[in-house]
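Okay, structure first, notes after.
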Amino acid sequence: MPLQIVHHPDYDAGFAVNHRFPMSKYPLLMEALRGVGLAAQEALFMPEPAPAAWLKLAHAADYVDQVLACEVPEKIEREIGFPVGRRVSLRAQLATAGTVLAARLALKHGIACNTAGGSHHARRAQGAGFCTFNDVAVASLVLLAERAVENVLVVDLDVHQGDGTADILKDEPRAFTFSMHGERNYPARKIASDLDIALPDGTGDAAYLDRLRAILPELSEGRRWDIVFYNAGVDVHSEDRLGRLALSDDGLRARDEMVIGHFRAHGISLCGVIGGGYSTDVPTLAARHAILFEAAARYA
Ligand SMILES: [Zn+2]
């Protein structure tokens with residue numbers, strides 16, 4: 001079966017090419033996926049913008065209203081890293097709904113991926129760190145509210161700590177948050193996940209994969225998980241502008257294969273989101289994000 005992929009052309013909010021956030025990676029990722037024979041039309045899904053009621057499960061109602069009205073206070077926009085105009089607001093609603101849709105497809109088919117998502121720095125009160133809404137937290141709370149799932153596991157391997165997800169889900173006993181990240185990477189003030197592993201600068205493939213291999217059984221044995229959200233941020237790569245962990249392409253491939261293979265072997269549905277990746281060479285960056293989809297396709 002082809003891998004179920006969720007995408008929307010408006011994931012790309014059309015920033016200037018020299019913007020610190022490489023917005024063009026979204027269409028280029030789709031190009032890369034077509035290039036490796038993924039993104040079959042019959043397995044491609046497009047989300048509708050997320051309704052406010054979903055967003056308000058994870059975020060303060062006044063903040064959600066501000067984003068939907070494009071009236072986010074400047075102080076918060078500065079923390080997010082860009083102004084929240086019409087296209088950014090739409091993009092945030094689509095990317096969030098995309099993760100909800102990918103999660104539903106994962107529950108149905110075992111695995112599915114969103115070509116956006118992993119906006120893990122958005123906290124309950126507001127966005128931050130290039131993240132407007134926290135798609136994984138919203139999707140977790142939507143599925144829990146609908147009783148589509150009883151137990152949710154978040155495995156966040158983006159190089160940055162999943163502070164926003166930890167903040168939103170900290171009082172939700174049916175969700176467990178795990179983050180493995182660069183100790184010296186953003187955010188400076190981390191918010192404790194249910195389990196955090198902080199790695200030193202320059203960790204590299206071997207040490208990174210050893211830590212991951214050791215922790216995965218512990219995570220899957222914790223509870224009977226109905227779904228795992230996997231944030232496959234590629235900012236762990238040695239050539240990433242923001243990351244400090246020094247993984248290679250092969251290391252990334254081995255990581256994604258290890259995570260997906262592990263949870264699928266345990267019969268747990270997996271929803272993949274792309275997370276962070278920052279490089280001025282955006283086609284190369286997009287190809288790096290495609291690794292998640294290539295690994296996932298082997299389990300579809
Ligand atoms: Zn990141």
Side-chain angles (χ1 to χ4, degrees), residues 11 13 15 19-26 28-29 79-82 88 91-92 95-96 98-99 113-123 126-137 154-169 177-193 195-204 208 211-212 229-249 251-252 255-256 259 271-282 284-292:
Y11 283 174
F15 286 2
H19 194 283
R20 288 185 306 139
F21 187 87
M23 195 55 95
S24 61
K25 73 182 187 179
Y26 300 100
L28 288 172
L29 170 58
E79 275 190 65
I80 293 174
F82 37 71
V88 168
R91 173 202 138 54
T96 304
T99 297
C113 294
N114 188 8
T115 61
S119 298
H120 59 171
H121 300 306
R123 311 188 291 269
Q126 65 170 85
F130 298 144
C131 303
T132 312
F133 293 133
N134 192 316
D135 55 293
V136 165
V154 179
V155 173
D156 186 340
L157 299 187
D158 187 282
V159 83
H160 304 100
Q161 197 250 352
D163 58 339
T165 318
D167 174 61
I168 294 169
L169 296 177
T177 51
F178 168 65
S179 173
M180 187 161 90
H181 50 265
E183 186 170 18
R184 294 185 56 224
N185 270 117
Y186 176 96
R189 285 185 53 204
K190 301 180 172 39
I191 298 172
S193 312
L195 180 63
D196 283 293
I197 295 180
L199 299 173
D201 286 5
T203 291
Y208 183 95
R211 288 303 291 271
L212 186 59
F229 287 94
Y230 173 38
N231 183 330
V234 299
D235 41 16
V236 290
H237 195 275
S238 59
E239 282 162 24
D240 193 86
R241 219 157 39 74
L242 301 186
R244 295 166 171 270
L245 291 185
L247 263 66
S248 69
D249 281 349
L252 267 182
R255 177 194 73 168
D256 291 354
V259 172
C271 171
V273 297
I274 70 168
Y278 307 92
S279 172
T280 44
D281 180 355
V282 188
T284 299
L285 173 63
R288 225 171 263 157
H289 278 302
I291 291 173
L292 164 68

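We count ligands from 1, going down the list as the structure has it; atoms in each ligand are counted the same way. In what follows, residues are counted from 1 in the order of the sequence shown. Keep in mind that what you see is a predicted model, and the values were worked out from it rather than measured.
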Inset, instruction - May I ask you to check if any N/O/S atom from H120 comes under 2.8 Å of the Zn ion (ligand 1)? - result: no

Inset, instruction - Please list, chain by chain and in numerical order, all residues satisfying ring pair (Phe, Tyr, Trp, His ring centres under 6.0 Å) with Y208, sequence neighbours excluded. - result: none

Legend entry - Proximal heteroatom of H160 relative to the Zn ion (ligand 1) (N/O/S): ND1

Inset, instruction - Please say whether more than 12 non-hydrogen atoms of neighbouring residues, nucleotides or ligands are located less than 6.0 Å from CZ in R241. - result: yes

Legend entry - Main-chain N/O of V159 paired with D235 side-chain donor or acceptor, under 3.5 Å: yes

Legend entry - Counterpart residues, ring pair (Phe, Tyr, Trp, His ring centres under 6.0 Å), relative to H237 (two or more places apart): none

Inset, instruction - Calculate the angle formed at the Zn ion (ligand 1) by OD2 in D235 and OD1 in D158; 10° precision is enough. - result: 100°

